[in-house]
Amino acid sequence: MAKRVILTIVGLMIVISVLAGIKALQIRRMIDNETAFVVPHETVTSAVVRAESWESLLTAVGSLEAVQGVTVAAELPGKVVQVAFDSGTKAEKGELLVRQNTTSERAQLAGAEASVELARLTYNRTADLYKKKTVSKSELDTARANLRQVVAEVDSIRTVIAKKTIRAPFAGRLGIRQVDLGQILSEGDGIVSLQALGPVLVNFLLPQRQVAQITTGTIVRVTADTHPNTVIEGVITAINPEVDAATRNIRVQATVPNPDEMLRPGMYVNVVVVLSVREDVLTIPVTAVLYAPYSDSAFVVESSKNGEKGGTGKVLRQQFVRLGEKRGDYITVLSGLEENEIVVSRGVFKLRNGQAVVVDNTLSPDFNLEPNLENN
């Protein structure tokens, strides 16, 4: 019995020793494979850190206003007997828009003109008699006063007729008609909107700290979402003399041309104020930045000695950067990079510090300060 137990224990020890030896060989082989393993090179595209001179710009959101724009309205009550315009058409200065009923006024005008003729004859006759000393000076003054009074009555009636013959006060684009034939208008009732759509005004606000950087004549560039690829250039024509005490902003007004009437009063636009000074900056593509809560960084491509093969390779160095203004596909670097350094231009989220890379720019995208995006 004891002999069997001893043989069993010896057999177990032999099995355990064999298993331990096999496991040790496996672990050793894994360690050797790990030591010999070389991380495959990552293919990346690169960009050069460029030194550029950028225009100094101030940005704002503005609102458009017509140089001249009104809602043409009735000055006197009356019935509409003629509508002489079509909605949306252009009107010249003095062009007839609406005529109100002036039948009674014209009848009164005929009687008043007859009274003027009689008063003028009376005055002339009295003046002749006064020269012959047949009538007194007071009778001559009375005849003159009567003539002036009836002339004033005629002018008053003609003024009423003119007010009921409503004309365009200036040249511009008419809006949608707000009256119909036969409608009774009250004083102040709107007839149609009239807007001069030649040059238009752009009103926008700037912080008070930027007031010293602008003057009348400073160039502005305006873009609207209706024509996002069209930039219209104008100039600042007025700066409000006071700063808003609530917001500490100052109101600025610029005048810009309006080709093909693209801009309409009431629209909002993006305004860029072009300052006279330029700023020297270092730029890299926006896609070269790895954004992180603790700090933003970029991967610098550097040469590294390959000890095994005696050659050189490319490795990455993660460099923390401080970023500035962004324009188009580029962003400025305030610190962290030097001019002519090479950085990875895209796909940085999958890279790590010290990684070996191969640079291939055959499929590198084009980066532009003013990219023109196509709506596909």
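- Tyr291 places a side-chain heavy atom less than 4.5 Å from the side chain of Val286.
- Checking side-chain atoms of Asp360 against main-chain N and O of Thr43 turns up no donor-acceptor pair under 3.5 Å.
- Without hydrogens or angle criteria, Asn361 side chain to Thr45 main chain gives no donor-acceptor distance under 3.5 Å.
- Note that OG1 of Thr102 is 10.5 Å distant from CD of Gln108, once rounded to the nearest 0.5 Å.
- Note on Val222: it does not cluster hydrophobically with Ile219, by side-chain heavy-atom contacts below 4.5 Å among ILVMFWY residues.
- No side-chain heavy atom of Leu64 sits less than 4.5 Å from a side-chain heavy atom of Arg264.
- Linking Ile, Leu, Val, Met, Phe, Trp and Tyr whenever their side-chain heavy atoms come within less than 4.5 Å puts Leu97 and Leu194 in one cluster.
- The minimum heavy-atom distance linking Gly62 with Phe204 is given by the pair CA-CB, 3.8 Å.
- In this structure, Thr71 and Gly190 approach most closely via the heavy-atom pair CG2-CA, 4.1 Å.
- Considering every non-hydrogen atom in both Ala66 and Ala196, the closest pair reads CB-O, 3.8 Å.
- Formation of a donor-acceptor pair under 3.5 Å by the Ser156 side chain with backbone atoms of Ala152 is not found in this model.
- Listed by chain and residue number, Arg144 satisfy the side-chain contact (heavy atoms from CB on, under 4.5 Å) test with Arg148 (two or more places apart in sequence, or in another chain).
- A side-chain donor-acceptor contact under 3.5 Å links Ser115 to the backbone of Gly111.
- Between Lys163 and Glu105 there is no salt bridge, since no side-chain nitrogen of the basic residue lies less than 4.0 Å from a carboxylate oxygen of the acidic one.
- Listed for the Arg278 side chain is a donor-acceptor partner under 3.5 Å among the backbone atoms of Ser53.
- By the 6.0 Å contact criterion, CD on Glu242 is open, its count of non-hydrogen atoms from other residues, nucleotides or ligands being 12 or less.
- Not one N or O on the side chain of Arg167 forms a donor-acceptor pair closer than 3.5 Å with the backbone of Lys93.
- Put simply, the side chain of Leu25 does not reach to within 4.5 Å of the side chain of Arg29, judged on heavy atoms.
- The pair Lys132-Asp128 does not count as a salt bridge, with every side-chain nitrogen at least 4.0 angstrom from each carboxylate oxygen.
- Criterion: ILVMFWY side-chain heavy atoms under 4.5 Å apart, direct or through other members. Under it, Ile239 and Val271 are part of a common hydrophobic cluster.
- The shortest side-chain heavy-atom distance between Val344 and Val301 falls under the 4.5 Å cut-off.
- The side-chain heavy atoms of Leu275 and Ile214, taken from C-beta on, include a pair separated by under 4.5 Å.
- Two different hydrophobic clusters hold Leu337 and Phe299 under the rule that ILVMFWY side chains link at heavy-atom gaps under 4.5 Å.
- A distance-only check finds no donor-acceptor pair linking the side chain of Asp280 to the backbone of Ala51 [under 3.5 Å].
- Across all their heavy atoms, Val98 and Ile191 have their closest contact at CG2-CG2, 3.6 Å.
- Between the side chain of Thr223 and the main chain of Pro228, no donor-acceptor pair closer than 3.5 Å is present.
- Counting non-hydrogen atoms of neighbouring residues, nucleotides and ligands closer than 6.0 angstrom, the CG atom of Leu19 exceeds 12 such neighbours.
- Glu113 places no side-chain N or O within 3.5 Å of a backbone atom of Ala110 that could act as its donor or acceptor partner.
- Between Arg50 atom CZ and Leu282 atom CG the span is 11.0 Å, to the nearest 0.5 Å.
- In terms of heavy atoms, Gln183 sits closest to Gln178 at OE1-O, 4.0 Å.
- The shortest distance between side-chain heavy atoms of Ile236 and Val220 falls below 4.5 Å.
- The environment of Glu55 atom CD is dense: over 12 non-hydrogen atoms of other residues, nucleotides or ligands sit within 6.0 angstrom.
- For Lys23, there are no side chain to side chain donor-acceptor pair (under 3.5 Å) partners, not counting sequence neighbours.
- For the residue pair Pro199 and Val67, the shortest heavy atom distance occurs at O-CG2, 3.1 Å.
- Using modelled atom types and a 3.5 Å distance limit, the side chains of Gln318 and Ser297 yield a donor-acceptor pair.
- Ion pairing between a basic and an acidic side chain is recognised when a charged N comes within 4.0 Å of a carboxylate O; Glu52 and Arg327 show no such pairing.
- Two residues are said to be in side-chain contact when any heavy atoms from C-beta on lie closer than 4.5 Å; Glu325 and Val281 fail this criterion.
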(Q) Pair Asn270, Thr59 - check side-chain hydrogen bond (donor to acceptor under 3.5 Å, both in side chains), show working. (A) CA-CA 7 Å; Asn270 296 311; Thr59 58; over 6 Å; no

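- Contact annotation: the side chain of Val348 never approaches that of Val289 to less than 4.5 Å [non-hydrogen atoms, C-beta and beyond].
- The backbone N or O of Asn203 sits nowhere less than 3.5 Å from a side-chain atom of Ser63 that would complete a donor-acceptor pair.
- Connection of Ile342 to Val44 is established within a shared hydrophobic cluster, with ILVMFWY side chains joined at heavy-atom distances below 4.5 Å, either directly or through further cluster members.
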